[in-house]
Amino acid sequence: MRLVLPFATALTLTLISAVSFARGAEVAVGHIVVTAAWARATPPGAKVGVAYLTIENRGSEEVRLRGATVDAASSASIHETIEENGIAKMHPVSDLAVAAGASLEMRPGGLHLMLMDLHAPIKQGDDLSITLEFANAGRVTVPLQVAPIGAAGPDPHSGH
Ligand SMILES: [Cu+2]
């Protein structure tokens with residue numbers, strides 16, 4: 001029994017660190033927790049980029065994301081991808097409500113943050129961050145992990 005316990009502890013710690021690496025940094029400000037924040041690398045000359053993240057509202061009141069700013073681009077807007085007659089189209093969203101106790105996941109093919117007028121193409125290894133502006137919960141700045149061009153998720157092995 002004395003030998004089993006330390007082994008189990010070490011195994012648990014390894015699993016936790018593997019999970020947090022795949023999910024990216026977790027940033028908590030007040031009742032808002034942001035995880036899995038990532039941007040996709042862009043080809044040379046690209047003027048727009050895209051970022052995704054998950055917002056968890058651990059508070060007892062709804063919060064509303066109003067917009068975001070990112071150091072790598074002139075502006076960032078909330079977009080939603082909707083399929084119309086078999087064609088995926090993006091629409092701007094003025095604000096995004098996250099209900100109390102709920103979480104909202106942005107992902108390819110759905111909600112995302114469009115990075116407009118990039119100052120330079122986004123490359124893997126870039127040190128990027130994004131600041132989320134909430135109507136009733138202040139600002140939250142999170143680092144953005146950069147995934148390869150075409151990646152479907154923050155994990156470098158998930159791209160196609
Ligand atoms: Cu978009």
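We count ligands from 1, going down the list as the structure has it; atoms in each ligand are counted the same way. Predicted, not measured: the structure shown is a model, and the values here were computed from it.
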Are any side-chain N or O atoms of H31 and backbone N or O atoms of V29, one a donor and one an acceptor, separated by less than 3.5 Å?
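No; judged by distance alone, with no hydrogens or angles, the pair does not exist.
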
Nearest 0.5 Å please: distance from the CG atom of L53 over to the CG atom of L65.
8.0 Å

I need the L132 CG to L113 CG distance, nearest 0.5 Å.
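Atom-to-atom, L132:CG and L113:CG are 6.5 Å apart.
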
From M90, does some N, O or S atom reach closer than 2.8 Å to the Cu ion (ligand 1)?
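Coordinating: yes.
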
Heteroatom test (N, O or S) for M114 near the Cu ion (ligand 1), limit 2.8 Å
yes

Need the atom name: nearest N/O/S atom of H79 to the Cu ion (ligand 1).
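When I compare the N, O and S atoms of H79, ND1 is nearest to the Cu ion (ligand 1).
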
Test: salt bridge (Lys or Arg N to Asp or Glu O under 4.0 Å). Region: residues 137-146. Which pairs qualify, not counting sequence neighbours?
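Of all non-adjacent pairs touching residues 137-146, those that pass salt bridge (Lys or Arg N to Asp or Glu O under 4.0 Å) are E133-R139.
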
